[in-house]
Amino acid sequence: MPELPEVETTRRGIAPHVRNKRVTAIVLRQRQLRWPISDGLEAGLTNQIIHRVDRRGKYLLLSADTGTLIIHLGMSGSLRIVNTDQLAGKHDHVDIEFDGSKLLRFTDPRRFGCLLWQTESPLSHPLLRELGPEPLSAAFDGLYLHRRSLGRSAPIKAFIMDSHVVVGVGNIYANEALFMAGIAPHRAAGRIALARYVRLAECIKEVLARAIEVGGTTLRDFTNSQGEPGYFKQSLRVYGRAGEPCKQCGESLRETRLGQRSTVYCRYCQR
DNA sequence: ACTTCGACCTGTTGGC
DNA sequence: TGCCAACAGGTCGAAG
């Protein structure tokens with residue numbers, strides 16, 4: 001469910017309720033996520049104050065003096081701030097309780113998400129160490145993308161969805177950014193000129209930034225930490241619109257599968 | 001070093 | 001209405 005805008009929306013939503021709060025208890029109902037929740041979590045985080053709530057790519061980082069809780073939401077994960085008297089549902093795997101009457105609840109039906117307790121610097125964790133730059137940072141631009149693309153035959157869509165190239169671009173925003181940039185999703189990454197990469201980098205930044213501004217994209221069930229939907233769905237130009245008219249030229253949008261992911265594009269506007 | 005594909009899970013949707 | 005296959009916002013790790 002979450003790409004970078006949804007994770008950032010979640011971060012902004014939970015931060016005021018989590019930052020500078022003391023963890024009074026942790027309830028683990030299901031340890032078997034993408035990776036099992038390690039035994040060290042309860043001992044390491046209970047009674048600690050969470051000083052920071054950061055994001056690296058699609059990972060959320062909750063930092064205390066004793067270590068950092070690294071959270072990934074996978075495909076179907078979410079974090080909510082709820083009252084302590086809210087009964088836990090079937091997929092409510094973890095509660096982190098704070099002073100007062102609120103708790104942070106991790107829910108994830110498919111269990112592709114993870115909670116990792118890391119006592120070293122979180123950015124040195126094997127899953128984070130090799131990540132590409134943040135798309136909204138100055139380090140990410142057309143020159144960078146072009147340099148990384150040299151010699152690569154993979155489709156451009158798979159290339160920009162590779163978190164070792166750039167973090168945070170998932171299936172929705174990859175489709176949207178390629179439409180905005182006028183690039184066909186199956187084009188080999190290594191056969192795209194620098195000028196087009198400059199445009200693509202701008203489009204990726206724009207689509208992500210605009211999605212963050214309106215609270216992300218709610219397709220079916222994404223909501224922020226307070227249970228409210230995001231409003232970027234109405235701005236989608238290709239994702240979920242296969243067979244509908246292209247907003248630029250009016251021709252019917254095509255759908256195909258690329259790397260097992262649904263891919264929608266305009267065969268006239270994207271080359 | 002790069003590309004492709006299976007795997008991990010549950011819930012929803014659409015066709016018959 | 002029921003059943004079953006296909007698909008869903010991610011991404012790791014094995015195999016080629």
Side-chain angles (χ1 to χ4, degrees), chain A residues 1-11 29-37 55-60 70-79 89-94 106-116 125-132 135 147-177 185-191 204 207-208 211-212 214-224 229-236 238-243 255-264:
Chain A
M1 106 190 346
E3 301 187 36
L4 188 146
E6 293 73 40
V7 177
E8 178 62 19
T9 296
T10 298
R11 190 192 70 78
R29 302 184 189 84
Q30 169 63 273
R31 306 190 86 105
Q32 299 306 310
L33 303 176
R34 169 126 202 205
W35 287 281
I37 295 176
R55 179 185 59 74
R56 174 74 177 99
K58 296 176 190 168
Y59 292 93
L60 289 168
I70 302 172
I71 303 176
H72 197 291
L73 301 176
M75 281 281 253
S76 56
S78 63
L79 287 169
K90 186 178 176 185
H91 303 297
D92 294 338
H93 306 313
V94 181
F106 174 81
T107 305
D108 187 4
R110 293 180 74 177
R111 288 192 271 132
F112 288 176
C114 64
L115 275 74
L116 306 165
H125 189 282
L127 291 172
L128 280 71
R129 203 170 41 205
E130 312 286 341
L131 292 177
R147 179 169 58 75
R148 289 293 307 267
S149 75
L150 297 178
R152 297 190 62 160
S153 62
I156 181 64
K157 178 160 176 267
F159 178 68
I160 59 172
M161 288 179 69
D162 181 348
S163 64
H164 300 280
V165 173
V166 57
V167 296
V169 183
N171 199 35
I172 295 176
Y173 300 111
N175 278 295
E176 295 300 311
H186 37 259
R187 177 168 294 277
R191 305 204 48 180
I204 290 171
V207 72
L208 294 177
I212 291 170
V214 297
T217 300
T218 298
L219 292 178
R220 44 177 47 174
D221 56 6
F222 171 77
T223 60
N224 66 18
Y231 295 99
F232 197 71
K233 185 171 193 281
Q234 61 203 59
S235 300
L236 297 176
V238 287
Y239 187 88
R241 297 193 62 245
E255 178 160 29
T256 182
R257 291 192 79 76
L258 249 167
Q260 303 142 292
R261 310 306 296 278
S262 154
T263 302
V264 188

Identify, with sequence neighbours excluded, every residue that meets side-chain contact (heavy atoms from CB on, under 4.5 Å) alongside A:A242.
A:E255, A:V264
Can you sort out the partners of A:Q234 under side-chain contact (heavy atoms from CB on, under 4.5 Å), two or more places apart, ordered by chain and number?
A:Y231
Partners of A:D92 by side-chain contact (heavy atoms from CB on, under 4.5 Å), sequence neighbours excluded?
A:R29, A:A88, A:R105, A:T107
Looking at residues at least two apart in the chain, or sitting in another chain, which of them share a ring-ring contact (aromatic ring centres under 6.0 Å, His included) with A:H72?
A:Y59
How is A:F159 classified with respect to the nucleic acid when contacts are heavy atoms under 4.0 Å: base, sugar-phosphate, or nothing?
nothing
List the residues meeting side-chain contact (heavy atoms from CB on, under 4.5 Å) with A:H125, not counting sequence neighbours, and say none if there are none.
A:I70, A:L116, A:Q118, A:L127, A:L128
Using whole Å, what does the distance between atom P of nucleotide C:dG10 and atom CD1 of A:I160 come to?
12 Å
Helical stems, DNA chain B - three or more consecutive Watson-Crick or G-U wobble pairs below 3.5 Å:
B:2-8 with C:10-16, B:10-16 with C:2-8
Enclosure of A:R129 CZ (heavy-atom neighbours >12, cutoff 6.0 Å):
yes
Rounded to the nearest Å, what distance is computed from the CG atom of residue A:D162 to the P atom of nucleotide B:dA1?
14 Å
Contacts of type salt bridge (Lys or Arg N to Asp or Glu O under 4.0 Å), residue A:R187, not counting sequence neighbours:
none
My understanding is that only residues two or more places apart in sequence, or in another chain, count here; which of them pass salt bridge (Lys or Arg N to Asp or Glu O under 4.0 Å) with A:R11?
A:E8
Between B:dG11 and C:dC12, how far is it from one P atom to the other, in whole Å?
25 Å
Contacts of type salt bridge (Lys or Arg N to Asp or Glu O under 4.0 Å), residue A:R34, not counting sequence neighbours
none
Which donor-acceptor pairs under 3.5 Å do side chains of residues 154-167 of chain A form with protein atoms, sequence neighbours excluded?
residue, atom, partner, partner atom, Å
A:K157, NZ, A:N171, OD1, 2.7
A:K157, NZ, A:T263, OG1, 2.9
A:D162, OD1, A:H164, N, 2.8
A:H164, ND1, A:E130, O, 3.1

Expressed as a whole number of angstroms, how long is the span from A:I172:CD1 to C:dA8:C1'?
10 Å
Interatomic distance, A:R257 CZ vs C:dA5 P [rounded to whole Å]
17 Å
Indicate for each nucleotide in nucleotides 11-16 of chain C, in 5' to 3' sequence, whether protein heavy atoms under 4.0 Å reach the base (B), only the sugar-phosphate (S), or nothing (-).
BB----
Rounding to the closest angstrom, what is the interatomic distance between C:dT11 and B:dA1 at atom P?
22 Å
Do nucleotides 9-16 of chain B as a string where each nucleotide becomes B, S or -: B if the base has a protein heavy atom under 4.0 Å, S if just the sugar-phosphate does, - if no protein is that close.
BBS-S---
For atom P, what is the distance between B:dG6 and C:dA6, given to the nearest Å?
14 Å
